[in-house]
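Here the structure comes first, spelled out in structure tokens, and everything after it is commentary.
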There are 2 protein chains.
Amino acid sequence: MPHQDTPLVLERLLRLRDRREPLVAQIAEWVGSGIIEGRLQPGQDLNSVELSNRFETSRTPVREALMLLEQEGLVEMKARRRPRVASPSLQDIRDIYQVRRQLLAMLAGLLVERATEDELTELRGRVESMRDLADKEDVDAYFWSHVQLQERMTEIVGNTTLKQILDSLALRTLMLRHLSLTRTGRLAYSVDDQERLIQAYEERDGELASALIAGATVRALRAVEEQLEQDTARTRPPGRAKRGRTS
Amino acid sequence: MPHQDTPLVLERLLRLRDRREPLVAQIAEWVGSGIIEGRLQPGQDLNSVELSNRFETSRTPVREALMLLEQEGLVEMKARRRPRVASPSLQDIRDIYQVRRQLLAMLAGLLVERATEDELTELRGRVESMRDLADKEDVDAYFWSHVQLQERMTEIVGNTTLKQILDSLALRTLMLRHLSLTRTGRLAYSVDDQERLIQAYEERDGELASALIAGATVRALRAVEEQLEQDTARTRPPGRAKRGRTS
DNA sequence: GCGTACGCTAGTGTCGACACTGTCAAGACG
DNA sequence: CGTCTTGACAGTGTCGACACTAGCGTACGC
């Protein structure tokens with residue numbers, strides 16, 4: 001049940017507008033959203049012939065779209081080998097969250113310095129509507145609002161390099177979202193974190209904001225880890241290991 | 001006078017090994033090193049036909065190589081327009097250094113936590129040989145040693161996400177290197193900074209290390225800014241403005 | 001029965017051709 | 001004399017074809 005804004009947000013996150021032909025953009029959006037929504041499983045082959053048939057194009061634009069997604073960490077490509085949906089290891093995931101924590105803390109600090117009062121009230125408005133979505137347990141809508149909130153914050157801060165990196169990291173974590181926010185109760189915790197954050201911004205307390213971000217990120221990672229353990233515990237015993245010898 | 005290790009380091013920074021065909025790698029290395037060494041000027045057109053002639057290939061691998069460099073911020077591509085060598089604005093440069101400062105501080109903190117004594121002595125050895133290069137005013141060799149030092153540090157820390165981002169940022173700053181380290185005296189300052197850093201690592205003082213990194217990065221940015229001002233002051237009056245209205 | 005060598009096939013990387021579009025210059029028009 | 005239109009050309013995006021290779025099943029040797 002993908003949220004209807006998915007393709008639009010993806011288009012922005014991948015910076016497709018004006019940077020790529022519509023054809024490439026279309027393919028990248030389809031594959032990218034497929035990975036994020038779980039329609040395409042980690043490790044699955046992304047046969048470029050099949051994709052070109054599906055979109056009734058040649059393989060050239062398909063290759064280009066896959067290369068785009070590779071750079072965002074959603075797809076793994078090795079020369080002469082079939083592209084696959086990325087399947088990050090637990091260590092990879094930890095690394096990503098660690099960097100993300102640092103950069104989000106940086107974002108918070110800059111936001112406290114630079115955001116106007118009007119911008120802060122706008123952010124508060126966003127968080128309040130996220131509270132509604134969390135109450136309705138509308139996971140998809142909540143998640144995309146979350147992404148858009150971060151997008152808006154990076155926009156306010158105005159550091160394009162930071163924005164691009166955070167967007168890329170957001171995409172990587174996005175493909176884990178069914179592992180984190182779907183856990184019951186996570187949504188409520190998450191929105192609580194956001195509210196506290198906004199308050200710290202309004203009080204212009206950069207230290208507090210950074211600390212809150214760090215805490216929230218750690219909790220998000222922990223949720224992902226727990227979910228991952230459950231998943232492997234559920235799928236491993238039957239012997240359906242994706243790869244690696246079962247010895 | 002490019003340093004002889006340039007292509008090898010570039011190959012690692014661009015993660016070309018096994019990820020791309022040798023043909024693509026070759027083109028990416030040539031163009032990438034050209035940009036870094038100043039053989040290709042910012043804003044210059046990167047005609048894919050001309051490049052394909054130069055390498056006696058079709059345009060397909062050329063396009064792929066250019067896309068690779070685009071993702072590293074060395075090349076700018078817009079759909080249906082000729083690819084150009086990136087010409088970052090002053091604001092872009094400031095943004096890059098700001099993010100880089102933050103991530104290098106993170107790197108320093110992790111290094112203090114995780115590096116073994118042996119690894120630290122290895123790093124010290126590298127810095128000492130950099131001191132020699134600085135004394136000889138061998139700017140190119142110094143610069144590539146600097147890059148390799150950072151590479152090694154990210155390797156020791158072992159966070160691949162952090163490594164990739166820092167590599168990418170290093171490439172972007174690399175194309176500004178003739179703007180920063182060529183300034184007389186900069187080399188000596190830079191190596192001083194590195195020595196103080198190593199000492200902080202050895203004393204396991206993460207706070208100090210982060211602070212030193214931040215200071216060093218700020219100084220590097222300032223050097224770039226001053227050089228940029230001189231350049232524009234020298235080239236603008238004749239009326240060779242690249243773009244933007246002179247009002 | 002187990003491991004290895006061989007051959008087939010699906011899929012990748014590269015190519016040259018073609019249609020379309022941005023770009024620049026010469027000419028038309030005021 | 002300056003501005004706008006027009007047209008040619010250069011360069012891009014896409015295509016279908018081809019050579020080559022990785023992956024896999026089969027047959028063979030042991």
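FYI, side chains are in, hydrogens and waters are out, and symmetry mates aren't considered; it's all heavy atoms of this structure. All of these numbers come straight from a predicted model, not from anything done at the bench. So you know, we letter chains A, B, ... as the sequences are listed, proteins then strands, and number each from 1.
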So which of B:Ile165, B:Leu169, B:Ile93 actually passes side-chain contact (heavy atoms from CB on, under 4.5 Å) with A:Thr161?
B:Leu169
Is [Y] paired with [X] through a side-chain N to carboxylate O contact shorter than 4.0 Å?
| X | Y | result |
| --- | --- | --- |
| B:Arg17 | B:Glu11 | yes |
| B:Arg114 | B:Glu119 | no |
| B:Arg222 | B:Glu226 | no |

Closest approach of B:Ser33 and B:Leu10, non-hydrogen atoms and distance?
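Heavy-atom minimum between the residues: N-CD1, 3.4 Å.
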Tell me: [atom1] of [X] to [atom2] of [N], nearest whole Å?
| X | N | atom1 | atom2 | value |
| --- | --- | --- | --- | --- |
| B:Arg84 | C:dG22 | CZ | P | 15 Å |
| A:Asn47 | C:dT9 | CG | C1' | 13 Å |
| B:Leu51 | D:dA10 | CG | P | 17 Å |
| A:Asp45 | D:dG23 | CG | P | 10 Å |
| B:Arg82 | C:dT21 | CZ | P | 17 Å |
| B:Met77 | D:dG11 | CE | P | 15 Å |

Using a cut-off of under 3.5 Å, enumerate the N/O to N/O pairs linking the protein to nucleotides 14-22 of chain D.
from   : atom 1 : to      : atom 2 : distance (Å)
D:dC15 : OP2    : A:Ser58 : N      : 2.7
D:dC15 : OP2    : A:Ser58 : OG     : 3.0

Is any side-chain heavy atom of A:Asp138 closer than 4.5 Å to one of A:Trp144?
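No; the side chains remain at least 4.5 Å from each other.
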Any side-chain N or O of B:Ser48 less than 4.0 Å from the OP1 or OP2 oxygen of D:dT12?
yes
